Every structure is written in C-alpha cells, then in structure tokens.
There are 2 protein chains.
Amino acid sequence: MALTRTPRTSWIDEGLRALAAGGPDAIRIEALAQALGVTKGGFYWHFDDRPALLEEMLDTWEQVMIDEVIERVEGEGGDARTRLRRLFDLASTRESRELLRVDLAVRDWARRDRAVAKRLRRVDNRRMEYMRSLFSDFIPGEDDVEARCLIAMSLFVGSHFVAARHGGRSRAEVMTAALKRLEA
Amino acid sequence: MALTRTPRTSWIDEGLRALAAGGPDAIRIEALAQALGVTKGGFYWHFDDRPALLEEMLDTWEQVMIDEVIERVEGEGGDARTRLRRLFDLASTRESRELLRVDLAVRDWARRDRAVAKRLRRVDNRRMEYMRSLFSDFIPGEDDVEARCLIAMSLFVGSHFVAARHGGRSRAEVMTAALKRLEA
DNA sequence: CTCGTTCCATACGGGTGCGTATGGATACGG
DNA sequence: CCGTATCCATACGCACCCGTATGGAACGAG
C-alpha cells in the first residue's frame, strides 16, 4: 500500500467546496485539479467521469447531513424544549459556514435535478421527523406541530434567501424573536 | 419603422425563462436563439454582449417584482387583515409558476453576485416594508411585527427549498396552518 | 420601385472544459 | 534493488460557447 497523495476524499472535499461557492456548474474537474495543485490526470484514475464525482459528493453530503445535527443535539440530553432550543442555536450560529453553503447549494440544485431532489427529500424527511418528535412532546395538536416544523425549517433555509433589512434590528435578533414564537 | 420580428423583449423573456429553468449559467445566447427559432446574429444587434442582456433581464425583473404583488393586493381594498390574507393567498397559489421560478433563481444567484444581491435587497426591502405596514395595523409590538414579517417571507421563499413530507398532510394544508398562526 | 431600417444567416477565431491515451514518477513490499 | 500499486503530467480530439465580421433578406416609407 503506497502513500496516497491526493486520495478520492480530497477530490470530493474540493468538489463540495466548489459547489458551495458557485453551484453545480462550478464543479469543473480542471479547476478542482488546480485547487489541489495537480492536473486532472489523477482524477480519471479515481473516478470514471464527472457524474461519478457528483454522485459520490452527494453520497457523502447525505451521510453527513442525516446524522450531523441530530447527533449533536441529542448528545447533551435535556428535555424536548431544551433540545429544541439547542437545535435552533445550532442552526442559527452554524459555526461551520461551509456546511451551510453546501446545504443551500444542494437545495437549489434539487429544484433542477430529480436525483438530487430525491436525496434532499430523504434528508429533510429525517430532519422533519426528528423535529416533529421534539415539538410533539409539549405541543398538543398534530396540525400545530406540523405547522411549527414547516415554519422552523423554512426559517433555517429561507432566511438565507431573504435580503431585506429590519429597520435597526439585526437579522439575528429578528431570527431569535421569530424562533421564540415557535416555543410558546 | 419596419416590423420588429424578434424584438429586445423576446430575448429578455427567453432569458428569464432560461434563468428559471437552469440558473444563470443556463442563459446562453446560442441556446436562446435556438429557442426563438433564429441564430444569434440578431442578438448582437440588440445587445452589446451577454452581460448587457443579464442587466436588462434583472432590470425588468426588478421592475415587475417591486409593484406586481403590492398592486394586486392593494387593488381590491379591505382592512389590513383582509389584505394580508390576500397577500398570503397570492404568494401561495401564485398562478404564474414562471415568476416564482425566476424569483427563486434570482435569490440563489444573489448569493454569488453582489450586483444581483443589491437588486434583491431593494425588492425585498420594499416588500418587507409593505408587509410591516399591514401587520402593524393590528399587531402591537414592533419586535413581534418584525418577527412575523421574517417568518412570512421565509415561508414564501424557504418552503420551496424544503423537500420534506408532512405525514398525510399536503404542503398546502400545512402552509395554510402555518400562515394562520401569523394572523393570531 | 427604390431606399433605409431592422433583423437574420453564416463563417470564423479564440477560449474553455470533458474525456482518453500514454508514458512516467513515487513509494512501499519483499 | 525490483516490482507493483498508486498517482501524476502532457498532449490530443471533440464539443460548446462567446463575440465579430460580413453579406444579405424582409419590410415600410416615400
């Protein structure tokens, strides 16, 4: 087993970085190679072609997304309200800007590609299910629970696509106020 | 004044259609020409280059967006609650699928292009201002008004980027329930 | 019927990106 | 130190797209 100079994973990581920065069309093999300091020669040793890379990128993204948030929230225990608040904090601050940008890029991508949409549905269903279980713990009506889940998800995602200012208030402040409404 | 076979506007319309379908990178002059049943020969008579088309596309989009919704809502009168509900209906049903898809495409585009972001900010500020005025009419706290505005905007936009199912309920049903929470 | 305006077709040069082919280079295992 | 596995560089053909150049074609005005 010889030393692995730039392994599959580095191509995938660089691909996700490109996706985050410029969308699916910005995932160009020759550009990735340059970013990795090599030529595309090695790429076609690891992967059949560009679509194969995209597949594997989405595979890793899906794998990470399915568990990332839930595990982090569940890890520290507490009752439903506490965990929900931790979920909100996590989604708002999201120290890893990179993951968020990939997330948004994938969501836009999914609107144009059925295969991507299918993956996104799997991830979102899983997250929604989890959030539903948290809300259900202290909210009686099922319809109300579902409405709150959609609002929360839409806030997490949609707020990044809304450019409006809030007259003096910062986005973070308004976001906090909006999320507080969901706990009541 | 000779007959105008395929005028500027048709290039702009076709460009917006391409934008809606495949994002900014899908706006290719030769593809537009083929869609219009001509060659790109005429394009460069109307426009200097591709960026010039993009500018004019965004100009028209901005112009339409700034007034479209507000005029339609204001047109039929009623009190603030009524108009707000009409705004919700309009944004939910949005019979013109095309406008919605352009809207979403522009929002994603704005994350990568400062000039586009600037335009989006103008449009969103205008809309937010209008919605704020409606909510303020029957909601006392300013912070609460602002939170509701952000929730509404995020729902209108973000729900299209969320792929989760709602266990038996349709998206429209949950959406209605979510919006009803905002009036209370 | 002629003339100018408006638009179109075609051909070209240049740039970029994909995928392939081929000959290394590097590092470890024996 | 020899061989094999792993990775890289280079060069090529192909396709696509931009922007330009140039010679029209269609149409209305006069």
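In this text, all values refer to a predicted model and were calculated from it rather than measured experimentally. Only this structure's heavy atoms are used, side chains among them; waters, hydrogens and symmetry mates stay out.
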| Would a 4.5 Å heavy-atom cut-off, applied to side chains only, mark A/Val73 and A/Tyr130 as touching? | yes

| task | Nearest whole angstrom, please: distance from the P of C/dT16 to the CD of A/Gln34. | result | 11 Å

| message | Check the phosphate of D/dT20 against B/Tyr44, side-chain N and O only, distance under 4.0 Å to OP1 or OP2. Yes or no? | response | no

| request: Would you mind reading off the distance between A/Leu53 atom CG and C/dG17 atom P, rounded to a whole angstrom? | output: 15 Å

| note | Whole-Å distance, B/His46 NE2 to C/dT6 P, equals 10 Å

| query | Would one find a side-chain N or O of A/Thr6 under 4.0 angstrom from OP1 or OP2 of D/dC7? | reply | no

| request: Apply side-chain hydrogen bond (donor to acceptor under 3.5 Å, both in side chains) to B/Asp79 and B/Thr82, showing your working. | output: CA-CA 5 Å; B/Asp79 66 349; B/Thr82 309; 2.4 Å; yes

| field | For atom CD1 of A/Ile27 and atom C1' of C/dT16, their distance in whole Å | value | 17 Å

| message | From the set D/dC17, D/dC7, D/dA9, return the single nucleotide nearest to any side-chain atom of A/Val38. | response | D/dA9

| query | Where the side chain of A/Ile29 is defined as all heavy atoms beyond and including C-beta, which of D/dC18, D/dC7, C/dG19 is the nearest nucleotide? | reply | C/dG19

| request: Nearest whole angstrom, please: distance from the C1' of C/dG19 to the CG of A/Leu32. | output: 15 Å

| said: Counting distance alone, no hydrogens or angles: does the base of D/dG19 have a donor or acceptor under 3.5 Å from a partner atom on the side chain of B/Lys40? | reply: yes

| said: Expressed as a whole number of angstroms, how long is the span from A/Trp11:CH2 to C/dC18:C1'? | reply: 13 Å

| task | May I ask you to check whether over 12 heavy atoms, not counting those of A/Glu173, lie within 6.0 Å of atom CD? | result | yes

| query | Is the A/Phe135 ring parallel, tilted or perpendicular to the A/Phe88 ring (thresholds 30°, 60°)? | reply | tilted

| Can you tell me how far P of D/dC18 sits from CD of B/Glu30, to the nearest Å? | 6 Å

| field | Non-hydrogen side-chain atoms of A/Arg126 and A/Arg122 separated by less than 4.5 Å | value | no

| note | Of C/dA9, D/dC17, D/dT10, the nucleotide closest to the side chain of A/Thr39 is D/dT10

| query | Quick one: on DNA chain C, does A/Asp48 or A/Arg28 contact a more 5' nucleotide (nearest heavy atom)? | reply | A/Arg28

| remark: Of the listed C/dA9, D/dG19, D/dT6, the closest approach to the A/Trp45 side chain comes from D/dT6

| query | Atom CZ of A/Arg8 and atom P of D/dC7: how far apart are they, to the nearest Å? | reply | 10 Å

